[in-house]
Amino acid sequence: MPGYPSYSQGTPQGVPYAPYPGSPAPGYGPYPPYGPYPPYAYPPVQRRRAPGETYALVVSWIVTVVGGLSIILSLLVLALSGLALALIPNSLTTIGLGVSFGLAPLLGGVMAMILGIQGILRRPSRTFTMPSYWFLLALTLLALGAGVALWNLFPSPGSALAVGPLVVLSGVLPALTILALTTQRLGNPSTRRHTWLSLAYGATLGALVAIILELFATVAISLVAQALGYNTSGLSNLTSSPTSPTEVVIQLLDIAIVAAVVEETLKPLGAVLIIRRLRTRSEAFLVGMAAGIGFNIVETIGYITQGQSDWINVALERSTAGLLHGVGAGMATLGWWYLINGKGVPLRFVKGFGLILYAMAQHAINNAAAVLIGLVPEPVRSLLFDSFYLGRLPEQYASLFFIAYGGVILIVLLWITSVLRRIDTVNAPSAPQPLAGAALAQGGPR
Amino acid sequence: MTAPTEIRPQSAPPAPASRRGGWFAPVFGLVIAIATVAAIGLAAIGPLLGEGAPSALPSGWTTVFDTDLTTTTTGWETGVGCSSGPEGLFVSEGETLCAYTPSQQTDYLGQGFRLDVTLAPAASLERSQVPVLLVGSAAFGIGQDGGFTLTTVGSNKVSGNAFNWHANGLAANTIRLEWNGPQTPLVAYTNGYKATEIDFSMSAASSHTLKLGADTDAQALYTHVTLASAG
């Protein structure tokens, strides 16, 4: 524009600014460079452990260590069993010992280690489920039916190694059917960790300690009887019928009383160890029953393998033994649940001790019958020890008594599972309930 | 804005974290079903896998006697502890042996023999049935549970359990002792399958007597006996 100097764009006009001093005014030192912030330690967040969590962790460690020991010992037993089979190859008894004291502890040990480590890592355990009990019942009938058919076709089975797996399954399948029936009637109330570990305990430590204690008890009874001047020959052959009143008393004491008390005390102990973790009566019953089922599997396989060619006779007679051991252990564990967890439950101690005594009485009646059945007077005795035939396979009528007793226990099982399901359903909280104060804060109940 | 809801603290131990059963039950069912079928199949071929007793006599051997003891016990020593009856040759006293009297004069055993005996079901006796077979210098005894011992005069002894033995007391059992002559073992079979064997020899000076009996505190009821000889 004329008359006005033009400003060049972008360039200051007039006196240029002096260069800005590169340093602050004299007298002020430079700011020190900012160093990194010193580490600031936040106080750790103290997560409160849930009640019983430390206890569960300790149990998990114990289970893991015992599982490892069990694996080592079972491998030793399996090696010895293999050696024995190499020397006497066709022995079902050796196979039975190998399965009961080698394979069962090996499987139990592996299971204990896996589930124990999961517990240490605080991994949640899934719900314990089983295949349908109808399916397992069908497999049981298939296995036992095949055993009967094979006996009719080949009364001498030939190779013990070939028959061994069917023998073992004939002991395992009826027991698993009872466990499946129970868990399904109770609505699958427990976890895999609790149930399988309890079963493993019953099949390993429970059975082993029971054998040792019963052996000690037998020796003690013998020594006391001898000191009192009685003949104790009745204890040397507990499988034959007693021939004198003294033998009757001694056998009843040893077989009926000692075995019932020892076994019904030991079987629930695995479940008692974790009873504070068992939330409901149903869970306590199932976890206890699992121990009894494990115990029964080992005991039944031991008995069946003593039957040699006639293993199927023993398998049929023992087909309901899982009810005796399983329901007994379940009832006793339920008793312990009332004693330990049942604060506030009416008649808690009566229920607790009553259930434990029921388990012992149920077992004692079964074992006492085994002693006394040989003393039944004629003509009932002849009838009991007469044979009926499944094809050509002979079976004594007396065995039906024990199968029928199993039927009575089955009725008890059906009854108690329906009662427990009902009680636990009534007591179960349907959803987290707000406290009264919180409800008032929201405007109070409408 | 609503106040935060206070949840009642859970006093009971924690519930299972997952309520799902997952894959376990169906897989477990499948595995156990396969195992059951496989076990039945294996048991069905068991008789083929056992070491069975030969059926035919070796060439040149002859049957010395084949006696149904329920009809006759001719040649067998009876008296104290041994009796003859419609049920068979009954050894009622423990530690009793009934001799086949012709074997005390004639050697049926020295070149090889096959002795077959059949026992009545153990349930027909008052006491346990524990038969003992004495063949020259060898003895074989077997309990009701299948536990056996085979001994020879040279203090050789083999013990074990015979799997192919009817231990229920309701079925009859058979025993075979077979020796095919010098340089061969004495083999014991129960119900047609090998139970055990032992080194064995017989000299001209050794006993050649054949006896049937029962063990201590036991009985035995023999219903059939057959002897074949290589001599």
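Just so it is clear: chains get the letters A, B, ... in the order the sequence lines come, proteins before strands, and each one is counted from 1. This structure is a prediction, so every number in the text was calculated from the model and none was measured.
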query: Which one, A:Ser132, A:Pro394, A:Ser156, leads in non-hydrogen pairs under 4.5 Å with chain B?
result: A:Ser156

field: Side-chain H-bond candidate by donor/acceptor type, B:His224 with B:Asp116, under 3.5 Å
entry: no

- request: Nearest 0.5 Å please: distance from the OG1 atom of B:Thr151 over to the CG atom of B:Asn156.
  value: 9.5 Å

field: Toward chain B, the part of A:Asn313 with a non-hydrogen atom under 4.5 Å
entry: side chain

message: Between A:Leu139 and chain B, with a heavy-atom cut-off of 4.5 Å, which part of the residue counts as in contact: side chain, backbone, both or neither?
response: both

task: Can you tell which part of A:Leu173 gets under 4.5 Å to a heavy atom of chain B, answering side chain, backbone, both or neither?
output: side chain

message: Quick one about A:Gln184 and A:Thr129 (side-chain donor to acceptor, distance below 3.5 Å, no hydrogens or angles considered), yes or no?
response: no

task: Could you verify whether a donor N or O on one side chain and an acceptor N or O on the other, from B:Thr70 and B:Thr223, lie under 3.5 Å apart?
output: no

- request: Sort out for me which of A:Pro165, A:Gly307, A:Ala138, A:Pro157 touches chain B most, counting heavy-atom pairs under 4.5 Å.
  value: A:Pro157

statement: Cut-off 4.5 Å, heavy atoms of chain B, and the answer for A:Glu395 is backbone

field: chain B contact via A:Ala160 - which portion, at a heavy-atom distance below 4.5 Å
entry: both

query: According to the interplanar angle, ranging from 0 to 90°, do the rings of B:Phe113 and B:Trp179 count as parallel (below 30°), tilted (30 to 60°) or perpendicular (above 60°)?
result: tilted

message: I'd like to check A:Arg276 versus A:Tyr55 (side-chain heavy atoms, cut-off strictly below 4.5 Å). Are they in contact?
response: no

- request: Heavy-atom distances under 4.5 Å only: say whether A:Leu169 touches chain B with side chain, backbone, both or neither.
  value: side chain

- request: Would you mind telling me which of B:Asn164, B:Asn191, B:Asn161, B:Leu49 has the largest number of heavy-atom pairs within less than 4.5 Å of chain A?
  value: B:Asn164

task: Identify whether NZ of Lys or CZ of Arg in A:Arg126 sits under 6.0 Å from the centre of the six-membered ring of A:Phe128 and within 45° of that ring's axis.
output: no

query: In terms of heavy-atom proximity below 4.5 Å to chain A, should B:Thr174 be classed as side chain, backbone, both, or neither?
result: neither

query: Which of the residues B:Gly160, B:Gly146, B:Ala33, B:Ala171 is involved in the greatest number of heavy-atom pairs with chain A at under 4.5 angstrom?
result: B:Ala33

- prompt: Highest number of heavy-atom pairs under 4.5 Å with chain A: which of B:Ala162, B:Gly41, B:Pro121, B:Ala123?
  reply: B:Ala162

field: For chain B, the option from A:Ala162, A:Ala84, A:Ala146, A:Ala56 that forms the most heavy-atom pairs under 4.5 Å
entry: A:Ala162

query: By a 4.5 Å heavy-atom criterion (distance strictly below it), what part of B:Ala38 contacts chain A: side chain, backbone, both, or neither?
result: neither

field: Side chain B:Asp199, main chain B:Pro185, donor-acceptor under 3.5 Å
entry: no

- request: Below 4.5 Å from any heavy atom of chain B, which atoms of A:Leu136 appear? Answer side chain, backbone, both or neither.
  value: side chain

Row check, B:Trp165 ring normal vs B:Arg176 NZ/CZ: under 6.0 Å, within 45°: no

message: Regarding B:His166 and A:Asp310, do their side chains bring together a donor and an acceptor under 3.5 Å, going by distance alone?
response: yes

query: Where on B:Ile32 is there a heavy atom nearer than 4.5 Å to chain A: the side chain, the backbone, both, or neither?
result: both

